[in-house]
Amino acid sequence: MIAMIDYDAGNIKSVEKALQFLKQDVILTRDREEILAADRVILPGVGCFGDAMEKLRGYGLEPVIHEYVESGRPFLGICLGLQLLFEESEESPGVRGLGLLEGKIRKIPEGEGRKVPQIGWNDISLNPASRLFAGVPDHSYVYFVHSFYLDAKNREEVAATTEYGVRIDAAVEAGNVYACQFHPEKSSDVGLKILTNFVNL
């Protein structure tokens with residue numbers, strides 16, 4: 001059973017549909033017992049960092065997420081779900097993130113014809129030791145929609161990077177915690193392979 005955390009964020013249904021396509025049993029829930037009983041948990045979503053943290057705390061989900069991660073079972077953040085795992089974001093100064101991983105979420109700089117938000121396909125450079133990207137060719141293209149990006153403190157936790165005016169840490173792996181800034185559920189066969197790898201961890 002895969003539990004997707006429901007905190008009123010956008011773009012959750014597309015992740016659910018991709019997992020159902022992969023024949024996975026998925027529930028969308030904010031119930032503590034259902035989350036803690038799941039084999040895997042996904043924190044998906046698009047939206048504002050500060051609003052999302054307010055929702056997570058309002059629903060009492062912050063301690064549940066920490067408890068689940070401490071259990072050692074696989075946990076995946078997608079897009080905003082990646083950003084929330086870290087300490088803080090320039091999008092919402094003064095708002096504390098989940099703090100599961102160390103790093104800052106920064107604003108993508110404008111310039112040189114770059115549009116912000118970044119919307120579209122970009123290639124990623126992969127850490128060959130990554131479990132999430134096992135069997136995925138280096139420099140595969142995946143789909144991004146974001147205005148803020150991860151600058152991870154611990155380089156050994158970075159599973160993939162991309163370039164968009166700056167180096168963007170596009171995915172991380174730290175123990176049982178995995179996260180992608182891009183949308184695997186919108187990234188065609190490559191994205192389905194990534195989700196399959198997560199399911200099979």
Under 4.5 Å between side-chain heavy atoms, hopping through other hydrophobics if needed: is there a path connecting [X] to [Y]?
X	Y	result
Phe133	Tyr178	yes
Leu43	Val26	no
Leu132	Val15	yes
Ile42	Ile35	no
Leu36	Tyr7	yes

N/O donor-acceptor pair under 3.5 Å between [X] side chain and [Y] backbone:
X	Y	answer
Glu91	Phe49	yes
Tyr68	Arg32	no
Arg40	Val199	yes
Asn176	Val69	yes
Asp169	Val158	no
Tyr149	Ala170	no

To the closest 0.5 Å, what do you measure between [atom1] ([X]) and [atom2] ([Y])?
X	Y	atom1	atom2	value
Leu195	Cys180	CG	SG	8.0 Å
Ile124	Ser187	CD1	OG	8.0 Å
Glu67	Leu61	CD	CG	12.0 Å
Asn127	Glu173	CG	CD	7.5 Å
Ser89	Leu80	OG	CG	8.5 Å
His146	Lys107	NE2	NZ	10.5 Å

[X] and [Y]: which non-hydrogen atoms are nearest, and at how many Å?
X	Y	answer
Leu22	Leu192	CD1-O, 4.0 Å
Glu34	Asp31	N-OD2, 2.9 Å
Ala134	Lys193	O-CE, 3.2 Å
Pro137	Gly135	CD-O, 3.7 Å
Asp138	Leu126	OD1-N, 2.7 Å
Gly50	Ser92	N-OG, 2.8 Å

Exceeds 12 heavy-atom contacts within 6.0 angstrom, atom CD of Glu54: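 No, the 6.0 Å shell around CD holds no more than 12 heavy atoms from other groups.
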
Asp189, CG atom: more than 12 neighbouring heavy atoms under 6.0 Å: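 Result for CG/Asp189: open.
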
Residues clustered with Met1, ILVMFWY side-chain links under 4.5 angstrom: Ile27

Evaluation steps, side chain to side chain contact (heavy atoms under 4.5 Å, CB included), between Gln181 and Cys79: CA-CA 4 Å; Gln181 177 60 65; Cys79 194; 3.7 Å; yes

CA sep, side-chain torsions, deciding dist, call: Phe198, Ile78, side chain to side chain contact (heavy atoms under 4.5 Å, CB included): CA-CA 12 Å; Phe198 176 71; Ile78 296 176; over 6 Å; no

Ring center gap for Phe182 and Phe144 short of 6.0 angstrom: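 They qualify: ring centres under 6.0 Å apart.
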
Can I get a per-line list of side-chain donor-acceptor pairs under 3.5 Å for residues 93-104, giving both atom names and the distance, sequence neighbours left out?
residue, atom, partner, partner atom, Å
Arg96, NH1, Glu62, OE2, 3.3
Glu102, OE1, Asn154, ND2, 3.3
Lys104, NZ, Glu88, OE2, 3.4

Residues Asp8 and Tyr59: side-chain donor-acceptor under 3.5 angstrom: yes

Stepwise side chain to side chain contact (heavy atoms under 4.5 Å, CB included) check, Phe75 with Ile65: CA-CA 9 Å; Phe75 185 98; Ile65 290 170; 3.8 Å; yes

Glu87 with Lys153: basic N within carboxylate O range, under 4.0 Å: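 Salt bridge between Glu87 and Lys153, a charged N being under 4.0 Å from a carboxylate O: no.
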
Pro109 side chain near Arg114 side chain, heavy-atom distance below 4.5 Å: yes

Min side-chain heavy-atom separation Gln118-Ile168 under 4.5 Å: yes

Contact list for residues 68-77, test salt bridge (charged side-chain N to carboxylate O under 4.0 Å, His left out), sequence neighbours left out: none

Worked verdict on Asn197 versus Leu201 for side chain to side chain contact (heavy atoms under 4.5 Å, CB included): CA-CA 6 Å; Asn197 286 345; Leu201 289 169; 5.7 Å; no

